[in-house]
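Chain letters run A, B, ... following the sequence lines, proteins first and then strands; every chain starts at 1.
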Amino acid sequence: MKIKKPELKIPQYQPNKIEEKWQKIWERNAIYSPNLDTAKKPFYNLMMFPYPSAEGMHVGNMYAFTGADVYGRFMRMQGFDVFEPIGLDGFGIHSENYAIKVGRHPKEQAKVSEWNFYRQLHATGNGFDWIRRLETYDPKYYKWTQWLFIQLFKAGLAYRKKAPVSFCPSCKTVLADEQVIKKLKTTTQKSQLDEEIAVCERCGTGVEKRELEQWFLKITNYANRLLTNLAKLDWSEKVKIAQRQWIGKSEGARISFPVILRERSDREDPIGISRSARNDNQHKIEVFTTRHDTLYGATFLVLSPEHPIVASLLNSKFKIQNSKLDELKRYVDKAKKKTEQERIAEGKEKTGIFSGLYGINPVNNEKIPIWIADYVLMGYGTGAIMAVPGHDSRDYEFAKHYKLTIKNVIARSETTKQSQSAKIATLPSVARNDKKEVEVYTGEGTIVNSNKWNGWKTPQDVGKVITWLENKGLGEREVTYHLRDWLISRQRYWGPPIPMIYCKRCKWQPVPEDGLPVLLPDVKNWKPTGTGKSPLASVESFVNATCPNCKGKAKRETDVSDTFLDSAWYFFRYTSNDIESSAFDIKRVKKWLPVAIYIGGAEHSVLHLLYSRFITMALYDLGFISFEEPFSRFYAHGLLIKEGAKMSKSKGNVVTPDEYIKKYGADTLRCYLMFLGPFDGGGDFYDTGVEGMHRFIKRLWRLINQFPISNFQFPISDERRKFMNKTIKKVTEDIEALRYNTAIAAMMEWYNYLNLELRTKNSELTKEEAETFLKLLAPFAPHVTEELYHNVILSVSEGSLANASPVSVGDSSSVSRQTQNNIKDISIHAQPWPKFDPKFLEESKTTIVVQVNGKVRDTIIIQNSEFRIQNLIEKKAKQSERVKKYIEGKLIKKVVYVEGKVINFVTE
RNA sequence: GGGCGAGUGGCGGAAUGGUAUACGCGGUAGUCUCAAAAACUACUGGUCGCAAGGCCAUGUGGGUUCGACUCCCACCUUGCCCACCA
């Protein structure tokens, strides 16, 4: 066997040993736990706490957390007291469903998931403040979730109402509006129409409609504030747009249509208009419309089957033929029973029934029929619409199907310039459906067939229309929101019991504060019942209570609250989970909130983010806090995919970080995740990419270890110094903007450059270069940089070059007690971030691109002093042989010179 | 139906008015080795050419500009979000 040259022995890179060692040291010394009371430069770096799914952490979670952690570590090195807490959003249907699947009690399952998830989170090497961690299912936490509910109740923001709600037959609970999503139903037959169904966000089961009494939070009170405040927030426009769309403000008019009554006695009057009826406030139909400009085109009215007038009708308050009444009843019953799924599935084919009643269009006193149809939703506007079949495609379809009058009241304006023979749409003045096909026109134009409004333009003149209506007392301005109140009752076990007690005498009473938390009882039958009642309803010891007010016998609310309530305020609790006497410490909240940066998935654009904003606003109104918005800055990261496909359990392509961490170490995986694409755009995960990153880290390990690092600032070339400064600048700016992929690329370039320099010029790495490199990489690869910093850089500082020889790695014993004691100060993560010196970035020479007719032909190098001397540059450029070829014998028409960048000769 | 984005080598992606393809993956050749792996080194958009060098390429078609991946218009493809919302 050959004897190798007695070279410097490079220790083997053993990521797992290094990582475990430093994770222990960091945690033992709480280096990532700022003092929440005395910190001088607080920076709240929040990431969305995970649902601890029992399968464990997904690489997508790690992607999100790493991106947030890199930012936190960077800010810490910038001198901020960074608070980066973590916890588990472990209550809720998601966790409970998993417990059902594996047949374990949710409480036990939570322990298992918690252990596993925290183990994984530790292994990723994030700078979490472990002291502050919290779990939403911890009674110490949900005590305050219940307290929060009570505050809302006392403020009139929590109320009960019976309402048609979405019910998931699989999860056996009601769902909030936001938790019902639409899905394409893939039909087995080759049908042309793709059917859409409404399904549960959690399990994908089609939802049903049920009429139940439930707890709601009055988020609609905040609709306008939630909307207008968006302008103040440093959030990506995409998320703001999603919220705006969800809040869905519509400005329009509320218009009353009198109902023509035919009292039983009133047989003589064939039409039934009587003065008394017309003035009868109880018998009018109010509609909300954004197209009041088309009011003259309203040829019928449509009521939702749930509309109160429909109920009165069925109670025979109005006289209609009995046979028709039966028919009506059948239709309404059917519509009410129809699941949301069926209603939407019918999609294009609208059904309805004539009510037998007529109304009056208030602008022209025309008698128009009143129909009932389930395409009109009770939940939006007034539950009744004026139908304008000429200018609304849904009304048009309906009118066509039932042969109702279609009227055109908007004329297409002259087509703007597009065609020379400016077309003016020819429109039939009043067209009946039974004659020619009349088309529906939903665009803008000029009002016609509308008396005094004729000639007004829409949408420009809609303001005039509403003023006219208001003056005549026929309608008024109205704003309607798509946002509905937040339904928070869940007929499930695994959540915080809603802390309310019902007393027959005193009605609903909140549990007094000293009665909190209302503990979730340990029960055997915790599985959902499907009866519309929570499993807690059968636990007598739980249900029976005394009324807090009259001390009489009373019953507890047995539903639990929605998981989204748990997560709507957790960022307050993080600051104060050592405090038992209140939900949060007001001083600490003032110091740390609003959150400086919140990083998470865009899928929470409407749910979690909106709820959190609402709760924060409510707390502000209640005087607990001094700010209205919880998250000053929200940054949505992209979606991680695997080799071109979405990761999903069904595809079996879900990547777990564990195996990669075991094989390459967390540093490699972190760097790879941050490198594979722009952070806000997501990226594609390839195994070979991970290997490439591992190579980079190993090369760096070798680079730092293999050259004896000079303790002295021996002179390095200007170019080398410039490269270092350039890299510091690039990496700093990129991290600031969360452009992690290009920050890493810049470091790789620097490595490639240094490696070539050192090899070909037989030079040494300076301490400054090595130290700078490690610091720049530290946010991405916290362990290996810490290891090298201590074993190479600090040992150089401590003494002679001899000490620079590598020491054994592997266990914490290799780090001296001294080091461990003051690790809080001497950790690389506590060091100041490298600064670049602009003076080293200055170039004395500049490369100018020489173009002929916009094509690059050559480059010339000029001194900076020559920057402004165009003649000189022109002369130099013309001397180039490559340029000569293209300009010789040609007339130069024009010369464009852009200072310090390009010179372009334009020839004939 | 409405809203928002994206389209660049074999692949992930850089470059936001001035040298397109940085960085990484993959590939080819070489060094080391009995050999392989690893590691290291060089090359790597297409095309014509011995070479020098030329021409062509950022979804398609137009436009603006001395100059366009970048700005404008139309179209095609694709992703995400919302949707009987009156």
Side-chain angles (χ1 to χ4, degrees), chain A residues 181-182 196 236-242 244-246 248-250 252 287-292 294 298 302 304 343-344 346-350 373-377 379-388 391-395 397-398 442 480-484 602-603 605-606 638-639 641 643-644 646 671-672 675-678 681-693 695-696 698-699 702 739 741-749 751-752 755-756 759 847-859 882 885 893-898 900-907:
Chain A
I181 55 169
K182 307 265 148 54
E196 273 190 337
S236 73
E237 209 44 44
K238 214 179 164 178
V239 177
K240 287 189 186 183
I241 288 168
R244 267 186 216 118
Q245 206 171 303
W246 187 262
K249 184 177 182 173
S250 294
V287 304
F288 172 75
T289 177
T290 54
R291 290 300 305 273
H292 33 281
T294 62
V302 189
S304 154
R343 273 207 195 183
I344 291 161
E346 281 164 6
K348 283 138 206 166
E349 268 202 38
K350 295 188 169 44
D374 64 7
Y375 81 93
V376 174
L377 309 174
Y380 185 78
T382 60
I385 61 157
M386 63 177 217
V388 186
H391 305 285
D392 180 284
S393 50
R394 294 154 301 177
D395 300 342
E397 273 172 51
F398 192 79
T442 54
T480 291
Y481 297 91
H482 165 253
L483 186 71
R484 320 278 174 88
E603 70 273 17
S605 293
V606 283
L639 186 74
I641 57 171
E643 292 169 14
K646 232 182 192 174
C671 289
Y672 176 61
F675 179 67
L676 49 59
D684 204 348
F685 191 99
Y686 278 82
D687 285 6
T688 51
V690 186
E691 272 162 36
M693 187 54 74
R695 242 171 266 164
F696 169 67
K698 281 193 290 186
R699 283 178 192 141
R702 223 173 298 132
R739 289 192 300 256
N741 55 334
T742 48
I744 292 174
M747 286 187 264
M748 286 173 164
E749 278 178 71
Y751 167 86
N752 290 342
N755 192 41
L756 189 71
R759 210 182 55 244
T847 306
I848 304 279
V849 174
V850 185
Q851 299 179 337
V852 179
N853 293 326
K855 287 206 174 192
V856 179
R857 294 304 176 187
D858 204 357
T859 56
R882 293 184 190 177
K885 258 170 58 179
K893 269 202 311 199
K894 191 174 173 183
V895 181
V896 180
Y897 173 60
V898 181
K901 279 187 176 167
V902 68
I903 184 156
N904 189 10
F905 296 106
V906 186
T907 65

A:S393 vs B:C84: side-chain N/O to OP1/OP2 distance below 4.0 Å: no
Out of B:C82, B:G24, B:A39, minimum distance to the side chain of A:F675 belongs to B:G24
By the 4.0 Å heavy-atom rule, please label A:R244 as base, sugar-phosphate, or nothing. nothing
May I ask you to decide if the ring planes of A:Y375 and A:F398 are parallel, tilted or perpendicular, using 30° and 60° as cut-offs? tilted
Assign each of A:T289 and A:E749 the nucleotide of RNA chain B bearing its closest heavy atom; nearer the 5' end lies the nucleotide of A:E749
Check: protein-nucleotides 17-20 of chain B nitrogen or oxygen pairs below 3.5 Å:
unit_1: B:G18; atom_1: N2; unit_2: A:Q851; atom_2: OE1; d: 2.8

So, is A:N755 close to the B:U41 phosphate, meaning a side-chain N or O under 4.0 Å from OP1 or OP2? yes
Polar atom pairs (N or O), protein with nucleotides 6-8 of chain B, under 3.5 Å:
none

Shortest side-chain distance from A:R857, nucleotide among B:C23, B:G2, B:G54: B:G54
I want to check one thing: is the phosphate of B:C82, taken as OP1 and OP2, less than 4.0 Å away from some side-chain N or O of A:K238? no
Counter-base of B:G12, judged by Watson-Crick or G-U geometry with both distances under 3.5 Å: B:C23
Output all residues satisfying side chain to side chain contact (heavy atoms under 4.5 Å, CB included) with A:S393, sequence neighbours left out; order by chain, then residue number. none
Looking only at the side chain of A:T290 (C-beta and beyond, no hydrogens), which of the listed nucleotides B:A86, B:C82, B:A39 gets closest? B:A86
Partner of B:G30 under the Watson-Crick or G-U wobble criteria, both distances under 3.5 Å, comes out as B:C40
Watson-Crick/G-U partner (both atom distances under 3.5 Å) of B:A35: none
Do the side-chain N or O atoms of A:Y686 get closer than 4.0 angstrom to the phosphate oxygens (OP1, OP2) of B:C25? no
Counting Watson-Crick and G-U wobble pairs only, both distances under 3.5 Å, name the nucleotide matched with B:A83, or none. none
Between protein and nucleic acid, restricted to nucleotides 14-16 of chain B and to nitrogen or oxygen atoms under 3.5 Å apart, what atom pairs and distances do you find?
unit_1: B:A14; atom_1: OP1; unit_2: A:N741; atom_2: ND2; d: 2.9

Sugar-phosphate, base or nothing in reach of A:K893, heavy atoms under 4.0 Å: nothing
Between B:C66 and A:K894, is there an OP1 or OP2 to side-chain N/O distance shorter than 4.0 Å? yes
Determine whether a donor-acceptor pair (N or O, by modelled atom type, separation under 3.5 Å) exists between the side chain of A:Y672 and the backbone of A:F685. no
Watson-Crick or G-U counterpart of B:G18, or none if no pair lies under 3.5 Å: B:C66
Please classify the nucleic acid contact of A:D395 as base, sugar-phosphate, or nothing, using heavy-atom distances under 4.0 Å. nothing
Any side-chain N or O of A:R695 below 4.0 angstrom from OP1/OP2 of B:A39? yes
Once side-chain hydrogen bond (donor to acceptor under 3.5 Å, both in side chains) is applied, do any residues pair with A:R244, and if so which ones, sequence neighbours excluded? A:E237
Residues A:V896, A:Q851; criterion side-chain contact (heavy atoms from CB on, under 4.5 Å); working and verdict: CA-CA 9 Å; A:V896 180; A:Q851 299 179 337; over 6 Å; no
Using the 3.5 Å cut-off, write out each protein N or O paired with an N or O of nucleotides 42-53 of chain B and the distance between them.
none

If only atom types and distance count, is the side chain of A:N904 paired as donor or acceptor with the main-chain N or O of A:N853 below 3.5 Å? yes
Under a 3.5 Å cut-off for both contacts, is B:A51 paired Watson-Crick or G-U wobble with anything, and if yes, with which nucleotide? none
Within the structure shown, what part of the strands sits under 4.0 Å from A:G248 by heavy-atom distance: base, sugar-phosphate, or nothing? nothing
Please determine, for B:C75, whether a Watson-Crick or G-U wobble partner exists with both distances under 3.5 Å, and give it or none. B:G59
